[in-house]
Number of protein chains: 2
Amino acid sequence: MDRKQEILEAAYKSFSLFGYKATTMDQVAKIANVGKGTIYTFFENKEILFQEIVLRMISEMILAAEKEIVPNCPFQENAHNVLMKILQFREVHQLYAKLVEEEKELRTPTVKTMLARVEKEIVSYIAEKINIAIDKKELRPCDSELVAYLLFKAYIGFVADWSATHDSELSEERIAALFRNTILRGLLP
Amino acid sequence: MDRKQEILEAAYKSFSLFGYKATTMDQVAKIANVGKGTIYTFFENKEILFQEIVLRMISEMILAAEKEIVPNCPFQENAHNVLMKILQFREVHQLYAKLVEEEKELRTPTVKTMLARVEKEIVSYIAEKINIAIDKKELRPCDSELVAYLLFKAYIGFVADWSATHDSELSEERIAALFRNTILRGLLP
DNA sequence: CAGATGACCAAAAAGGTTTTTTGGTCATTT
DNA sequence: AAATGACCAAAAAACCTTTTTGGTCATCTG
């Protein structure tokens, strides 16, 4: 069977299960049923292998987000659903969740870098959607990069961080209403 | 001279200069020119002393923010100025800046707790201002606590976190424009 | 003989132990 | 009655030892 694929899958499993730091190349080799040296004929080093895995995860995530979009639905609604999907992915997807945890608990620098990469990708994706909506005159022209960043950070704030300082969880409807009445409302033509 | 005051000032200095963890009670005693035991006749323990200091800082900060408010100025403008002042305070004020650094680098739990307290105070303050603006019909009714949280987190995001992932700093005007055109605009009646 | 392998190595991390520091107390002093 | 600093247990830092790990490369094999 394809050795490279085998290695990628093994790495995906191991990173998802144990995170970046706690995954050893020996382990990946063992799971993939290859010699350790073999890994290095396909991937320069651990970090590059990791990068490859994370890029795959990003594709997966964007695909899942894209599925949330309902063509003739107003931007507001699609935006909310996409953002919620992404944040749900962030909490539910084994690898993403593990990396967020590792970044918070161990502060592995490589993980930090890669998570920044993931966020950048998400923000770009949202910015693109905003630009499309602007072209369709669904939204007023705006600094789409900044607005995308704002939306993403704000959603993270409410979905992930709010509960850290407040005891009652926020309902999805309350979050949706908030954004409908503030940022998204402000963007309407 | 007033021993309690002496101790408070010494503690303020030491916490500002070295942070919570690196400040020792011996040191505070020495700076305050009192015996270590004396501190414990006024403050239950190090944490309580720290709390006292932080509460004082909060008052200072709210006072500085309040000064930014121009009575017959639209909410938008005052809000922007107040938030920028608070974030500037966060970066410039020795103690606040030191604590933010310590929380990021050392993750001292006590510091984390107290910073959460500071943020809560800020958000409450802003929520209050929003409520006043709603009463004056300057803003549409809204979930002021959530909006305040949103504004604060969003401003932090742009003023403090943006530069971590992007190389070009954001101009204050660009930030102001963004909020004017999104959140604040969405809140207008 | 091209591609795979695992013993091997330096460097980093983990583990374990000793030494130092520090928050807090309290008998003594002022 | 209020202040003090020697004192103590516990936590942190420093130190040393052992183990683990990313990466290499001489050797093997299909």
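Just so we're on the same page: letters track the sequence lines, and every chain starts at 1.
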Atom pair distance, as rounded to whole Å: [atom1] in [X] and [atom2] in [N]:
{"X": "B:E6", "N": "D:dA3", "atom1": "CD", "atom2": "C1'", "answer": "14 Å"}
{"X": "B:N33", "N": "D:dA3", "atom1": "CG", "atom2": "C1'", "answer": "13 Å"}
{"X": "A:L106", "N": "C:dA14", "atom1": "CG", "atom2": "P", "answer": "9 Å"}
{"X": "B:K30", "N": "D:dA6", "atom1": "NZ", "atom2": "P", "answer": "11 Å"}
{"X": "B:I7", "N": "D:dA3", "atom1": "CD1", "atom2": "C1'", "answer": "10 Å"}
{"X": "A:I39", "N": "C:dA4", "atom1": "CD1", "atom2": "P", "answer": "12 Å"}

### Message
Using a 6.0 Å distance limit plus a 45 degree cone around the ring axis, check whether A:K46 lies over the aromatic ring of A:Y20.
### Response
yes

### Side-chain ion pair, B:R180 and B:E173, N-O less than 4.0 Å
yes

### Query
Which of these passes side-chain contact (heavy atoms from CB on, under 4.5 Å) with B:F43: B:T38, B:L8, B:V28?
B:L8

### Task
Check each of B:N181, B:L170, B:T182 against A:L146 using the side-chain contact (heavy atoms from CB on, under 4.5 Å) test, and report the only one that passes.
B:L170

### Message
What's the angle between the local helix axes at either end of the helix from C:dC1-D:dG30 to C:dT30-D:dA1, using five pairs per end and rounding to 10 degrees?
### Response
20°

### Query
Just wondering, more than 12 heavy atoms not from B:E60 lying within 6.0 Å of its CD?
yes

### Query
Just to confirm, is there a sub-4.0 Å distance from OP1 or OP2 of C:dA4 to any side-chain nitrogen or oxygen of A:R3?
yes

### Query
Below 4.5 Å, heavy atoms only, C-beta onward: do A:F158 and B:L150 meet side chain to side chain?
yes

### Task
Flag the pair A:I39 / A:M25 as yes when at least one side-chain heavy-atom distance between them is below 4.5 Å, and no otherwise.
yes

### Task
Any chance you could list the contact pattern along nucleotides 22-30 of chain C? Use B for base contacts, S for sugar-phosphate-only contacts and - for none, protein heavy atoms under 4.0 Å, 5' to 3'.
SBBB-----

### Query
Do B:E91 and B:Y96 have side-chain atoms, one donor and one acceptor, less than 3.5 Å apart?
no

